[in-house]
Structure formats: C-alpha cells, structure tokens
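Inspection log for the structure reproduced underneath, given as structure tokens.
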Amino acid sequence: MLTIPMECTKNWIEMERNFRIGRRCTQRLLLHIILDVGSGTGIVGIFVHHLGASVILTEYLEEGCAILYKNAQLNGVNIDERCQIRQLDWTNVQPWPTADILLLSDVLYDPAFIVPVARLLNHLLQQNQTAIVADPDRPYIPRFVDVIQQMGLHVYVHQRMYFCWPYGNNLTVVFLEITRSSNFDDKIHHLLLHGNVDL
C-alpha cells in the first residue's frame with residue numbers, strides 16, 4: 001500500500017488519476033528502465049518501482065525533488081541505482097538520461113507546456129521506445145497531438161473512464177501512446193486499449 005502524505009498531494013483526483021496510470025502500465029513496465037517525466041508526488045514511479053522496474057523520477061524544482069525524496073522514504077524506497085531522483089528541465093533536452101519507456105502523468109496542465117514537452121519527446125524517443133502520456137482529457141490535448149505528429153512521431157489515442165473515489169464521480173483519462181515508428185509495442189498497445197491488468 002502506497003503512503004502519500006497529505007502535505008504532498010492535496011488533490012485526490014490527481015492522486016487517483018496517477019494511480020490509474022501506474023496500474024494500467026504495470027505488466028509492461030517490469031524489468032525496464034522507466035523515465036518518469038514531471039513526477040510530481042512520485043506516486044506513478046514509486047508504484048512501478050515496487051513492482052520491479054528501475055525508475056528515474058524527475059522534477060524541475062528543487063522543492064519538487066525534496067517531495068520525491070520524502071515520498072520515496074515514506075514508501076520504503078531506497079534512492080540508489082534502481083530508483084534515482086533527478087532535477088531536470090523540460091526546456092533543456094541535455095543531458096536527459098536514457099530509458100526504455102517514458103511516462104508523463106498529468107504534465108500538460110498548462111498549454112504553455114505543449115511545445116516544450118513535444119520537443120523533449122522528439123529528442124528522447126528512439127526506435128523501439130514508447131512514451132505514455134496521460135491527461136484528464138483537457139481541451140487542448142488535440143493540439144498537443146498535432147504538434148507531436150508534425151514532428152514526425154506517431155500517436156495512438158486511448159480514452160478510458162474510471163470511477164473516482166472519494167468523490168463518487170467518473171474520471172476520464174486520455175492515454176497517448178507515442179513512438180518514433182508506426183509499429184506500436186503490441187503489449188503496451190493492448191494494455192492501454194483494453195486495460196486488462198491483474199494486480
């Protein structure tokens with residue numbers, strides 16, 4: 001069970017959304033190196049780390065990295081070669097670490113981030129790599145998809161609806177599966193499309 005302190009996340013919808021992202025990606029992420037871009041509270045990265053993946057958590061601000069350290073400690077995660085924390089800037093594509101899969105959970109909360117995040121993905125994604133971007137269905141996500149496609153990347157859009165606690169309402173999450181080539185990873189594609197994850 002993950003322990004996320006209230007002072008680190010007061011937005012329960014964000015917490016639920018990020019947990020869903022981690023839950024749906026778990027089967028494919030095991031035994032991979034995961035780059036969690038804009039980790040926030042770290043709930044996604046910490047979750048997949050507990051399931052066996054090596055994770056690089058990233059945040060722009062020093063204060064954000066401090067929250068990641070705190071949450072990792074609260075959840076029994078040692079900061080070592082299997083779970084790293086890096087202070088990195090989306091607008092600076094050097095020197096980002098390499099990874100097998102890129103996770104971006106709720107990073108497009110401001111339209112100003114559309115181009116910087118797209119440029120970062122265009123720089124980081126290599127052949128046979130996948131980025132998974134998750135968003136609560138904001139109205140400018142189609143613009144982000146257009147920018148990504150104009151850069152020559154391939155995007156498959158999945159939309160899922162979940163029941164969200166503790167508010168008792170439905171939560172729509174859009175998952176963008178982004179690759180350098182048109183050949184999507186079959187396991188990731190199936191997982192995002194059907195959501196049949198057994199924990």
Side-chain angles (χ1 to χ4, degrees), residues 8-11 13-15 17-18 21-22 25 29 32-49 53-72 79 81 83-158 173-181 188 192:
C8 293
T9 175
K10 299 188 187 326
N11 188 339
I13 292 180
E14 174 196 0
M15 182 174 169
R17 177 171 60 242
N18 289 343
I21 294 161
C25 298
L29 302 186
H32 284 75
I33 300 174
I34 311 302
L35 179 62
D36 187 3
V37 179
S39 301
T41 62
I43 190 171
V44 174
I46 291 170
F47 184 72
V48 296
H49 173 78
S54 295
V55 179
I56 304 170
L57 305 171
T58 69
E59 264 301 322
Y60 172 64
L61 296 175
E62 186 175 345
E63 294 83 355
C65 291
I67 290 174
L68 292 176
Y69 275 107
K70 181 176 183 179
N71 284 346
I79 304 304
E81 65 277 357
C83 184
Q84 304 175 35
I85 296 176
R86 304 275 189 91
Q87 184 177 355
L88 295 169
D89 182 357
W90 293 343
T91 63
N92 182 3
V93 295
Q94 304 289 340
W96 281 75
T98 58
D100 301 311
I101 299 173
L102 314 179
L103 292 181
L104 298 90
S105 170
D106 198 22
V107 299
L108 297 170
Y109 52 87
D110 188 323
F113 295 150
I114 289 175
V115 173
V117 171
R119 285 176 178 164
L120 179 65
L121 291 179
N122 190 40
H123 173 76
L124 294 179
L125 274 177
Q126 304 298 321
Q127 295 293 335
N128 302 320
Q129 288 181 315
T130 300
I132 301 171
V133 179
D135 187 88
D137 201 17
R138 292 186 175 91
Y140 47 82
I141 290 304
R143 181 182 161 206
F144 177 73
V145 171
D146 288 342
V147 172
I148 284 289
Q149 290 175 330
Q150 289 170 13
M151 292 179 173
L153 298 175
H154 298 268
V155 185
Y156 194 96
V157 180
H158 311 265
V173 179
V174 174
F175 295 90
L176 306 178
E177 183 181 359
I178 303 171
T179 63
R180 175 68 59 190
S181 70
I188 293 179
L192 292 176

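Because the structure is predicted, anything quoted here is derived from the model rather than measured.
- The side-chain heavy atoms of Glu177 and Val155, taken from C-beta on, include no pair separated by under 4.5 Å.
- The two residues Phe175 and Ile132 have their closest heavy-atom pair at CD2-CG2, 4.3 Å.
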Q: Give the C-alpha distance, both sets of side-chain angles, the deciding distance and a yes or no for side-chain contact (heavy atoms from CB on, under 4.5 Å) between Ile85 and Ile79.
A: CA-CA 7 Å; Ile85 296 176; Ile79 304 304; 3.7 Å; yes
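- The closest side-chain heavy-atom distance from Ile34 to Ser54 is not below 4.5 Å.
- Taking the side chain as every heavy atom from C-beta outward, Leu108 and Val133 approach each other to under 4.5 Å.
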**Q.** Criterion side-chain contact (heavy atoms from CB on, under 4.5 Å) on Arg119 and Val115, from CA distance to verdict
**A.** CA-CA 6 Å; Arg119 285 176 178 164; Val115 173; 3.4 Å; yes
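- Between His154 and Tyr156, the ring center distance fails the sub-6.0 Å criterion.
- By the 4.5 Å heavy-atom criterion applied to side chains, Leu121 and Leu104 are counted as neighbours.
- The backbone N or O of Thr58 sits nowhere less than 3.5 Å from a side-chain atom of Arg86 that would complete a donor-acceptor pair.
- Remark: side-chain polar atoms of Tyr140 are not paired, donor with acceptor, to backbone N or O of Ile114 under 3.5 angstrom.
- Counting only heavy atoms from C-beta outward, the side chains of Leu176 and Ile141 approach each other to under 4.5 Å.
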Q. side-chain contact (heavy atoms from CB on, under 4.5 Å) between Leu124 and Leu102: does it pass, once the steps are laid out?
A. CA-CA 9 Å; Leu124 294 179; Leu102 314 179; 4.0 Å; yes
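- Using a 4.5 Å heavy-atom cutoff, the side chains of Leu88 and Pro97 are in contact.
- Atom OG of Ser105 is separated from atom CD1 of Ile43 by 9.0 Å, given to the nearest 0.5 angstrom.
- A pairwise comparison of heavy atoms in Gly40 and Ile67 identifies O-CG2, 4.3 Å as the closest pair.
- Summarising the geometry, atom CG belonging to Leu68 is positioned 7.0 Å from atom CD1 belonging to Ile46; distances are rounded to the nearest 0.5 Å.
- Minimum heavy-atom separation, Phe144 to Ile178: CE2-CD1, 4.2 Å.
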Q: Please test Leu35 against Val55 for side-chain contact (heavy atoms from CB on, under 4.5 Å), starting from the C-alpha separation and ending with a verdict.
A: CA-CA 6 Å; Leu35 179 62; Val55 179; over 6 Å; no
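- Note: Asp146 CG to Met151 CE = 12.0 Å, rounded to the nearest 0.5 Å.
- Using modelled atom types, one side-chain atom of Asp36 and one backbone atom of Gly45 make a donor-acceptor pair closer than 3.5 Å.
- Side chains of Val174 and Val157 form a contact here, defined as non-hydrogen atoms less than 4.5 Å apart.
- The shortest heavy-atom contact between Val37 and Leu120 is CG1-CD2, 4.0 Å.
- Under 4.0 Å is where a charged nitrogen must lie from a carboxylate oxygen, and between Arg138 and Asp106 at least one such pair does.
- Aromatic ring centroids of Tyr109 and Phe113 lie under 6.0 Å apart.
- The two atoms that bring Arg180 and Gln126 nearest to each other are CB-O, 3.8 Å, heavy atoms only.
- Between the CG atom in Leu103 and the CZ atom in Phe47 there is a gap of 12.0 Å [rounded to 0.5 Å].
- Remark: side-chain polar atoms of Gln87 are paired, donor with acceptor, to backbone N or O of Tyr60 under 3.5 angstrom.
- Put simply, the side chain of Gln129 gets close to the backbone of Ala99: a donor and an acceptor are under 3.5 Å apart.
- The shortest heavy-atom contact between Val173 and Ala134 is CG1-CB, 4.2 Å.
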